[in-house]
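The structure appears right after this line, and notes come after that.
The structure presented is a predicted model; accordingly, all values stated were derived computationally and were not measured. Numbers here are sequence positions counted from 1.
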Amino acid sequence: GGVWFTAQRSGHLGWFDPKSGRTELIALGRGSSPHGVIQGPDKAAWITDSGLNAIVRVGWPDRSVRRYPLPEGSAYANLNTCAFDGDGDLWFTGSFIARIDRRTGNSIVVEPPTKNQGARRVWSDSRGRIWVSEWNSGNLSVHDPAGKTAAQAWRTWKLPAGPAGEAPRCYAVYVDE
């Protein structure tokens, strides 16, 4: 019955109750700069936090905060958004795609085949494939985790140029029901 939001400048996860008009801010930690937020199948809020270079889970209703740090290095920065697939695995972007290993809590990075593609958004379809918007390359791609080789796991489409011939940019992706 409420609305999650990220307060990027202050490093908080917000909860807004439209019935009462009450807002609650939950501190995510020093240096936090949360970007995207979704509600998981566990009813918790899951956040991409580039300031912490981590995925952050805020339990609900207990408000417990847990961090899932990314691998070290600038190559795994610029966290953007996340989505759950049908198996309950969390996938996220940051100029790459990755998922959280539910057993270990570690991030498993999956590099798209297009170099410097600039992955921005991800979404899962009903078959568990992960659709990716590639800002820098102008591609729309899909990753099938069941693929045994890179050729079987990835498929990419180049988007058309803009009305004045400008390079395409693919920022967001959503897969309907």
Check your understanding: Is W46 reachable from F96 through a run of hydrophobic residues whose side-chain heavy atoms are each under 4.5 Å from the next?
Key -> yes
**Study point:** Connected via hydrophobic side-chain network under 4.5 Å: V58 and F84
**Key:**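 As far as the 4.5 Å side-chain criterion goes, F84 and V58 are not connected within one cluster.
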Review point. Just wondering, are more than 12 heavy atoms of other shown residues or ligands nearer than 6.0 Å to CH2 in W15?
Key: yes
For [X] against [Y], the heavy-atom pair lying closest together:
X    : Y    : value
P160 : P168 : O-CB, 3.3 Å
G86  : S124 : N-OG, 4.1 Å
P18  : G1   : CD-O, 3.3 Å
Y68  : G105 : CD2-O, 3.3 Å

Is the shortest side-chain heavy-atom distance between [X] and [Y] below 4.5 Å?
X    : Y    : value
L79  : F92  : yes
S141 : P112 : no
L25  : F5   : yes
I130 : V142 : no
V132 : V173 : no
E24  : R63  : yes
W91  : H143 : yes
N139 : L159 : no

Side chain of [X], backbone of [Y]: donor and acceptor closer than 3.5 Å?
X    : Y    : value
R67  : L28  : yes
D87  : D89  : no
N106 : D101 : no
Q117 : S95  : yes
T6   : H35  : yes
T93  : R120 : yes
D17  : G21  : no

Check your understanding: How would you list, by chain and number, every residue that makes a salt bridge (Lys or Arg N to Asp or Glu O under 4.0 Å) with D42, sequence neighbours excluded?
Key -> R57
**Study point:** Residues which pass salt bridge (Lys or Arg N to Asp or Glu O under 4.0 Å) with D144, listed by chain and number, not counting sequence neighbours
**Key:**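 Applying salt bridge (Lys or Arg N to Asp or Glu O under 4.0 Å) to D144 gives none.
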Practice item. Show your reasoning for whether side chain to side chain contact (heavy atoms under 4.5 Å, CB included) applies to D49 and I55. Key: CA-CA 6 Å; D49 194 316; I55 301 299; over 6 Å; no
Revision key, fill the gap. Contacts of W131 meeting ring-ring contact (aromatic ring centres under 6.0 Å, His included) (sequence neighbours excluded), chain-then-number -> W157
Review point. Say you draw a straight line from OG of S137 to NZ of K158; how long is it, rounded to the nearest 0.5 Å?
Key: 5.5 Å
